[in-house]
Amino acid sequence: MAVAFHALNTPAGLKKLDEYLLTRSYITGYQASKDDITVYSAIPSAPSSDLVNLTRWFKHIDALLRISGSGVTIVGFAPVSGAVATPPTGDTKAAAADDDDDDDVDLFGEETEEEKKAAEERAASVKASSKKKESGKSSVLMDVKPWDDETDMKKLEEAVRGVEMEGLFWGASKLVAVGYGIKKLQIMLTIVDDLVSVDTLIEERLTVEPINEYVQSCDIVAFNKI
């Protein structure tokens, strides 16, 4: 079923979206999609911090776009008048003057050591940048189980979200009843595959001291490539 949002440039519209994201990590489904980019691009600026769910989602989508290098296109809006500037005639004259000076340039001069080093550094930078852009991402739904019904679930979630790693982004969460008064934390996260291993995250971060005071175990419920 299609989801519709209205007046995202008003406090009332943003509040409705914040309420919608209370139990969701993304606009639709369990991973980032074009729907998220569509809504993201319709919000004129970063939301107020008192809209907790919207702020979390907005920062998450913004981070994904920065990592992937994706652009955002807003359909149905005319370009701002004067957005594309016409080069002044002075620039044309300067370019012509540069052409006249070309006769004085030695195109076959010997390359200096400094120039060689600079060229190598540029090549390495381009290679590293290309490799980073090729890194895949995954959306993960995880169950985090406490020791018993006396475990403070608020502190458990704070401990889990306190784990920070490059390429790790925590999303929405909710408590799910297990039985006998025990609830588990179900939480979404997005990872950059080349930077974060879910197995390592669980074994070396989420089930060791001091977090294991609250966390008994972690299970992967869903794992999807983005």
Side-chain angles (χ1 to χ4, degrees), residues 15 17-33 36 40 46-68 128 131-226:
K15 185 177 180 180
L17 180 56
D18 179 71
E19 294 172 352
Y20 176 83
L21 290 168
L22 176 62
T23 59
R24 297 172 175 84
S25 293
Y26 303 102
I27 298 301
T28 55
Y30 289 101
Q31 61 186 42
S33 67
D36 293 277
Y40 173 90
S48 172
S49 58
D50 60 335
L51 300 174
V52 179
N53 306 303
L54 178 56
T55 298
R56 177 262 306 160
W57 170 85
F58 187 90
K59 290 181 178 180
H60 179 50
I61 299 304
D62 183 68
L64 288 180
L65 289 174
R66 291 177 184 276
I67 292 173
S68 65
K131 184 176 180 181
K132 185 174 182 180
K133 289 181 179 180
E134 292 171 359
S135 297
K137 295 181 290 296
S138 297
S139 175
V140 183
L141 179 63
M142 181 186 297
D143 279 349
V144 183
K145 300 176 182 178
W147 287 102
D148 50 43
D149 60 339
E150 295 183 357
T151 300
D152 189 326
M153 296 304 292
K154 182 177 180 181
K155 289 184 178 180
L156 181 147
E157 181 172 356
E158 289 176 351
V160 170
R161 290 185 181 276
V163 175
E164 297 181 353
M165 298 174 64
E166 183 180 3
L168 169 64
F169 306 93
W170 295 109
S173 65
K174 63 181 180 180
L175 296 179
V176 180
V178 177
Y180 303 100
I182 300 175
K183 294 182 179 180
K184 64 183 178 181
L185 174 70
Q186 194 166 80
I187 188 167
M188 294 290 302
L189 56 143
T190 300
I191 61 171
V192 178
D193 296 333
D194 288 350
L195 299 177
V196 180
S197 163
V198 178
D199 290 337
T200 300
L201 172 64
I202 293 174
E203 295 172 4
E204 298 184 6
R205 295 298 187 92
L206 296 177
T207 55
V208 298
E209 293 183 352
I211 299 179
N212 62 359
E213 177 183 350
Y214 308 103
V215 176
Q216 179 194 53
S217 62
C218 299
D219 296 317
I220 299 173
V221 179
F223 192 108
N224 298 300
K225 295 289 186 181
I226 298 176

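The model shown is predicted, which means the values in this text are computed figures rather than measured ones.
Atom CD of E150 and atom CD1 of I182 lie 10.0 Å apart (nearest 0.5 Å). Interatomic distance, CG of D152 versus CD of E213, reported as 10.0 Å (0.5 Å rounding). In this structure, the separation between CG on D148 and CD on Q216 is 9.0 Å, given to the nearest 0.5 Å. Atom CG in L54 sits 11.0 Å away from atom OG in S49 (nearest 0.5 Å). In this structure, CD on E164 lies 11.0 Å from CZ on F169, to the nearest 0.5 angstrom. Here the straight-line distance linking atom NZ of K184 with atom NZ of K174 works out to 9.5 Å at 0.5 Å rounding.
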**OP:** Apply side-chain contact (heavy atoms from CB on, under 4.5 Å) to the pair L175 and L185, showing each step before the final yes or no.
**Re:** CA-CA 5 Å; L175 296 179; L185 174 70; 4.0 Å; yes
Subject >> Worked verdict on D36 versus W57 for side-chain contact (heavy atoms from CB on, under 4.5 Å) >> reply: CA-CA 9 Å; D36 293 277; W57 170 85; 2.8 Å; yes
Original post:
Could you walk me through whether L21 and I27 pass the side-chain contact (heavy atoms from CB on, under 4.5 Å) check?
Top reply: CA-CA 7 Å; L21 290 168; I27 298 301; 4.2 Å; yes
**OP:** Start with the C-alpha gap between W170 and V163, add the side-chain angles, then the distance that decides, and say whether side-chain contact (heavy atoms from CB on, under 4.5 Å) holds.
**Re:** CA-CA 9 Å; W170 295 109; V163 175; 4.3 Å; yes
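The two residues M165 and R205 come nearest to each other via the heavy atoms CG-NH1, 3.4 Å. Closest approach of L64 and A32 over heavy atoms only: CD1-CB, 3.7 Å. Taking every heavy atom of both residues into account, I202 and I220 meet most closely at CD1-CG1, 4.3 Å. When every heavy atom of G181 is checked against every heavy atom of D149, the shortest pair comes out as O-CB, 3.6 Å. Residue G171 comes nearest to I187 through the heavy atom pair O-CG1, 4.3 Å, listed as atom of the first residue, atom of the second, then distance. Contact detail for D18 and L51: the closest heavy-atom pair is OD1-C, 3.2 Å.
For the residue pair D199 and S197, no side-chain donor N or O sits within less than 3.5 Å of a side-chain acceptor on the partner. Looking only at atom types and distance, the side chain of N224 has no donor-acceptor partner in the side chain of S139 under 3.5 Å away. In the model, D62 has a side-chain atom that pairs as donor or acceptor with a side-chain atom of Y40 under 3.5 Å.
In this structure, Y26 and S33 have side chains that are not in contact, with every pair of non-hydrogen atoms separated by 4.5 Å or more.
Atom OH of Y20 has more than 12 neighbouring heavy atoms from other residues, nucleotides or ligands inside a 6.0 Å radius.
Checking L195, T190, V196, V140 one by one against L168, the side-chain contact (heavy atoms from CB on, under 4.5 Å) holds for a single residue, V196. Of the residues R56, E157, M142, the one that meets the side-chain contact (heavy atoms from CB on, under 4.5 Å) test with S173 is E157.
Counting only distance, with no hydrogens or angles, the side chain of T55 and the backbone of D50 share no donor-acceptor pair below 3.5 Å. In this structure, the side chain of T207 does not engage the main chain of N212 through any donor-acceptor pair within 3.5 Å.
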